[in-house]
Amino acid sequence: MGLFVINRIAELREKIKNFKREGKSVGLVPTMGCLHNGHASLIKASSERCDVTVVSVFVNPVQFGPNEDYDKYPRTLESDKELAEKNGAAIIFAPSVAEMYPGMNKFSDITMVAPPFHMVDMMCGKSRTGHFDGVCTVVSKLFNIVQPDYAFFGMKDIQQLYIIKKMVSDLNFPIEIVPCPLVREESGLALSSRNKYLSEEDREIAVSISKSLFAIQNAVKNGIIDTKKLFDAAITVMDRRVEPEYIEFVDRKTFEPVDTIKKPAIAAVAARVNSVRLIDNILIGE
Ligand code: PAF
């Protein structure tokens, strides 16, 4: 079919309307670009399930805090097009900030979608105030613009995934959210666009973040269920140059914090390596 690159909402709507008229199912893969093999797996999953896959590429200013990396976030549209097309995408939707937020001078100029407080008063939401409001706002806009049947989200951003699922249910979006497994480098490092910021040495240090999660997983397999002990097991293998922000444990069904691993759960970590903030998580207590 070839890849269409569309920057305008009206043009995208027209194209989608035509696909829907032909009875085609539509999958959306929302991204901020700088696509890597993790994104490739989402695009592949969508193109296997849907007739038409739309990949949105938009570095969303309203999900970045004032001291975060919005300005320097890598923008690589040319290579993104290649990766998207290779994995079966039909459309890249790459709007400008003015197209998505016309007339916005500051965040308080626009209507925001806020997730429930208990879901953001933990993990990434604690240090990134307003981040998930920005995510829910842009994802709602993308859902309304694209009107997909399915939307594909990676399990690396595990808190985001649970928040989006809750939003879709609470706001009655007629969309099925498809979670896709986290993808790791051979070293164990979780794939992330922010890995681009890491030097060779930083990468070696960062590998110990995933090692700390594997240590938790092994400890649970060996019968340790107290999260304080699991926290210690993780810290023991984490390189001393890694600055952990949190290591938290949540129930896999409810996403509520747990003290002991008696049911399927998730261990999640955020940590800085040389000021680059990375996140990772692992499923535990199968
Ligand atoms: O996960 C991301 O890349 C972003 O948070 C998303 C979902 C594309 C919204 O900007």
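Here the structure is a predicted model, which means the values were calculated and not measured. Just follow the structure's listing: the first ligand is 1, and inside any ligand the first atom is 1.
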### Task
Begin with the C-alpha distance, continue with both residues' side-chain angles, and end with the deciding distance and a verdict on salt bridge (Lys or Arg N to Asp or Glu O under 4.0 Å) for Asp280 and Arg184.
CA-CA 10 Å; Asp280 197 349; Arg184 298 184 183 281; 2.8 Å; yes
### Query
What residues form a side-chain contact (heavy atoms from CB on, under 4.5 Å) with Asn222, not counting sequence neighbours?
none
### Query
Sequence neighbours excluded, which residues qualify as side-chain contact (heavy atoms from CB on, under 4.5 Å) partners of Ile175?
Phe143, Pro148, Ala151, Phe173, Ile177
Ligand 1: protein N/O within less than 3.5 Å of ligand N/O:
unit_1: ligand 1; atom_1: 1 (O); unit_2: Gln160; atom_2: OE1; d: 3.4
unit_1: ligand 1; atom_1: 1 (O); unit_2: Gln160; atom_2: NE2; d: 2.8
unit_1: ligand 1; atom_1: 5 (O); unit_2: Gln63; atom_2: NE2; d: 3.0
unit_1: ligand 1; atom_1: 5 (O); unit_2: Gln160; atom_2: OE1; d: 2.7
unit_1: ligand 1; atom_1: 10 (O); unit_2: Gln63; atom_2: OE1; d: 2.6

### Message
What's the separation between atom CD in Gln147 and atom CG in Leu28, rounded to the nearest 0.5 Å?
### Response
11.5 Å
#### Entry: Partner set under side-chain contact (heavy atoms from CB on, under 4.5 Å) for Ala45, not counting sequence neighbours
Phe152, Cys180
### Task
Evaluate salt bridge (Lys or Arg N to Asp or Glu O under 4.0 Å) for Glu185 paired with Arg203, printing each intermediate quantity in order.
CA-CA 11 Å; Glu185 285 182 358; Arg203 282 182 105 82; 2.4 Å; yes
